A.B. asks: 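Got a structure for you, written out below as structure tokens; questions coming shortly.
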Amino acid sequence: MSTPPGVVATARMIAARDLRIEWRARVVTNQVIPFAAVNMVLFAFAVDDTGALGRLAPGLVWLTVMFSLLLCAQRAFAIESADGALEALRVAGVDPVGIFLGKATALAVQLFALAAVMVLAALILYDLDPPAGGVVVLVTSAICATCALAATGTIYAGLAAGVSGRETLLPLLVVPVVSPVLIGATRAVEAALGTGGTAVADGWPWVGLLAVVAVASAVVGALTFGSAIRD
Amino acid sequence: MESIEFIIGSYLLTFGAIAVVAGRMLRRARSLSHRVPDEEKYWL
Amino acid sequence: MTTPTTSRSTGTRATRVIGIAAIVMSAWLSLFGLVLSPADVAQGDAVRIMYVHVPSVWLAYLAFIVTAICSVWVLVARGRVPGVDRVAGASAEIGVVFMAVTLVSGMLWGRITWGVYWQWDARLTTTALLFITYIGYLAVRGLEGSPEQRARRSAVVGVVAVAEIPLVHWSVRLWRSLHQEATVLDTDLDVDIDGLMLFTLFVGVIAFTLWFVWFVLHRARVMALAALVEERSLDEALAERAAEVPAGGQN
Amino acid sequence: MTPFMTADRPTTPDRDHGSTDAAVVLEAAVVVMGAFPALAGVDLDVRRGTLVGLRGPNGAGKTTVLRLCAGLLRPDRGTARVLGVDVADDPAPLRRRVGYLGHSNGLYDDLTALENVTFWASTVGAGRDDVDAAMAAMEISDRLRDVRVRHLSAGQRRRVALAGLVARRCELWLLDEPHTGLDVDARDQLDRLLRAGADAGATVMLSSHDLDRVDAMVDHGVDLVAGRVSREVRR
């Protein structure tokens, strides 16, 4: 006889469903990534100095990822509220912790892919010459940063889902909270790419910071998400 | 006293903010309280 | 200032005593801060801004701590503690006002001491980001929805915000410590405090704490009044709806 | 077998808490939407295993009654007990036992019909058999199963949404205007299904504009006017 799924099973189910929807609809691939890429191009016009652009590259990459987070998080809950599914999930008694973890995981996967494309774009567009040993710092910092961003984005996009005025509210809520992520990820990537004149090993304290932020956001999100989405 | 305008300005700003916020709040309190009988005000 | 009509709205004897004490302490603070206390050896008269700046930042952080505690309470009680929710909201509102005051008076002080309005130090940056966060908190309080829904939503923001403070502070400090070459201004705002200065600062902190209590009590009661007005209009609306049906019983 | 059969579900201790034959008990329930009392004091007693029809003009409170029973709203005054649980307390234990279908279908446009139904079934741990039975009951053909619901008609989408509910095998069914968007055959089919469900022990509450249709099929008719019950008929 049927027993309701636990938190992990629920999260896996929700994440798989979100990724499948993205795979079918290709909104991040066909809309958000091009938007982010054009940002990277426009930064080059705004800065207009190849040397400076190289030094700024890590910050520009993560600024772009943060803007994209706002779009992706909005999108993640647009699919829920388009036909009343979020409400249906509540009536069905689906564990909000599972919903949170599932949606945040799917969002983190998408953001990580996006960040990878943006780092690649920066390498090509801004003429960077990264040291070979930086890959580990680069990847671990990107994983921690995207998890932290995804967790925060999920809490607030869930809170604002279905509310009128959410498009303008979400940036106001998300941006100040993710500022440690932006600082940490920028510095870590700077160390990994060697653009700030620092050694690769200098990136590790920042990875540590990002890991703490990611864990803290996930814990706070898991504890509060049920209250955020109750209407 | 050097930079006196900055110093006086910061005092005026601080106490001015208190006065403005307090004034607005008390006015709103007064206008609302007419519509509620005193026995429902738990603080009285 | 405290007329009988006020006493029938949100004032009580206790708030009147607190309010008068706050006014007296504030006057005292101005006298000591502007006239009686000495100028600082390093900073000169600029230090006088400290006597309003430090108490207002104290008030702002106190307000946000109160909001955070009340937010946790609201979440645990699943939004069904309207009184606690009102204190959370009242406290955040007054905190935002004083955080704005803090930022501006801090900039004025910085302009005299450093020669620039802004410096990327951890305290300033954390305070500025926290200010924006609580503007967001107030925006969430203003969203549509039932009172309970509002309580729970804003409590989520209150909890996330308080988790944010140490992380922001830590990240900015780490950032500053690794980028020291950017600092051309090495005068810190720390002053060599003597007895009278400490006493003046102490007066300021007491005065502003009294202001905080006074504001929160009044503001929470104004919110309660608004809720009572809504409750009364519900009675009228129910009566109107009842009039729509010609006394139809059940059979 | 009917997909509504609920007898084989394990009985949890809280299940028979309170009155055993009352599925829904509303007492002087008031629900305020903004400043508007959508329900202005509703008394209602619904027995288990009955088919209940809520009728009334727009704005009479039909939707609000159903949302209250689903635990989506809390009464501002009065009480609401659903399946023995007071919805003013945490409605979590009520969830999973109640199926609610509102004006929206709760479907994901970019998933196929089968994927949608499977997803909703899996939220309560229902398996492949339940999904197949539900798809068969709602006569969703093998061709429609693998079409993204984005490309389905309104009536087909509604059938998919209903199949999602059927697969979850709830004790209380709350259907807000379930006939909307269905053609006549599908309406008749739905009515047969709901009847069979009630006969098998599920409690079904539905709202409708279609007075004659509701009159013909229900055990317990409730007329709502201006947020109150104006008339009740029991068979």
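No experiment lies behind these values; they were computed from the predicted model shown. Naming: A, B, ... by sequence-line order, numbering from 1 per chain.
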A.B. asks: Mind listing the closest non-hydrogen atom pair of W120(D) and A88(A) along with its distance?
C.D. replies: CH2-CB, 3.4 Å

A.B. asks: Which residues pass the ring-ring contact (aromatic ring centres under 6.0 Å, His included) test with Y100(D), not counting sequence neighbours?
C.D. replies: none

A.B. asks: With a 4.5 angstrom heavy-atom cut-off, which part of R157(D) approaches chain A: side chain, backbone, both or neither?
C.D. replies: side chain

A.B. asks: With a 3.5 Å distance limit and no angle check, can you tell me whether D83(A) reaches the backbone of N105(D) through a side-chain donor-acceptor pair?
C.D. replies: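 A pair under 3.5 Å: yes.
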
A.B. asks: Please find the pair of heavy atoms, one from R24(A) and one from T112(D), that lie closest to each other, and give the distance.
C.D. replies: NH1-N, 4.0 Å

A.B. asks: Got a sec, which residues hit ring-ring contact (aromatic ring centres under 6.0 Å, His included) with Y108(D), two or more places apart in sequence or on another chain?
C.D. replies: F119(D)

A.B. asks: About how many Å separate NE2 of H103(D) and CD of E87(A), when rounded to the nearest 0.5 Å?
C.D. replies: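 Result: 10.5 Å between the selected atoms.
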
A.B. asks: How about residues 92-102 of chain A versus chain D: which residues have heavy atoms under 4.5 Å apart?
C.D. replies: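 Residues A92(A), G93(A), V94(A) are the ones that qualify, each having a heavy atom under 4.5 Å from chain D.
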
A.B. asks: Once rounded to the nearest 0.5 Å, what's the spacing between atom CG of N116(D) and atom CZ of R17(A)?
C.D. replies: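 It is 9.5 Å, given to the nearest 0.5 Å.
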
A.B. asks: Heavy-atom cut-off 4.5 Å, strictly under: side chain, backbone, both or neither for L86(A) against chain D?
C.D. replies: neither

A.B. asks: Do you know the tightest heavy-atom contact between S122(D) and P5(A)?
C.D. replies: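 Closest approach of S122(D) to P5(A), heavy atoms only: O-CG, 3.3 Å.
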
A.B. asks: Please identify, among S104(D), G102(D), A121(D), the residue contributing the most non-hydrogen atom pairs under 4.5 Å to chain A.
C.D. replies: S104(D)

A.B. asks: Hey, could you give me the CE/OG1 distance between M13(A) and T118(D), rounded to the nearest 0.5 Å?
C.D. replies: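 The distance works out to 11.0 Å.
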
A.B. asks: If a pair satisfies salt bridge (Lys or Arg N to Asp or Glu O under 4.0 Å) and one of its residues is in residues 97-113 of chain A, list it, with sequence neighbours excluded.
C.D. replies: D18(A)-K103(A), E80(A)-K103(A)

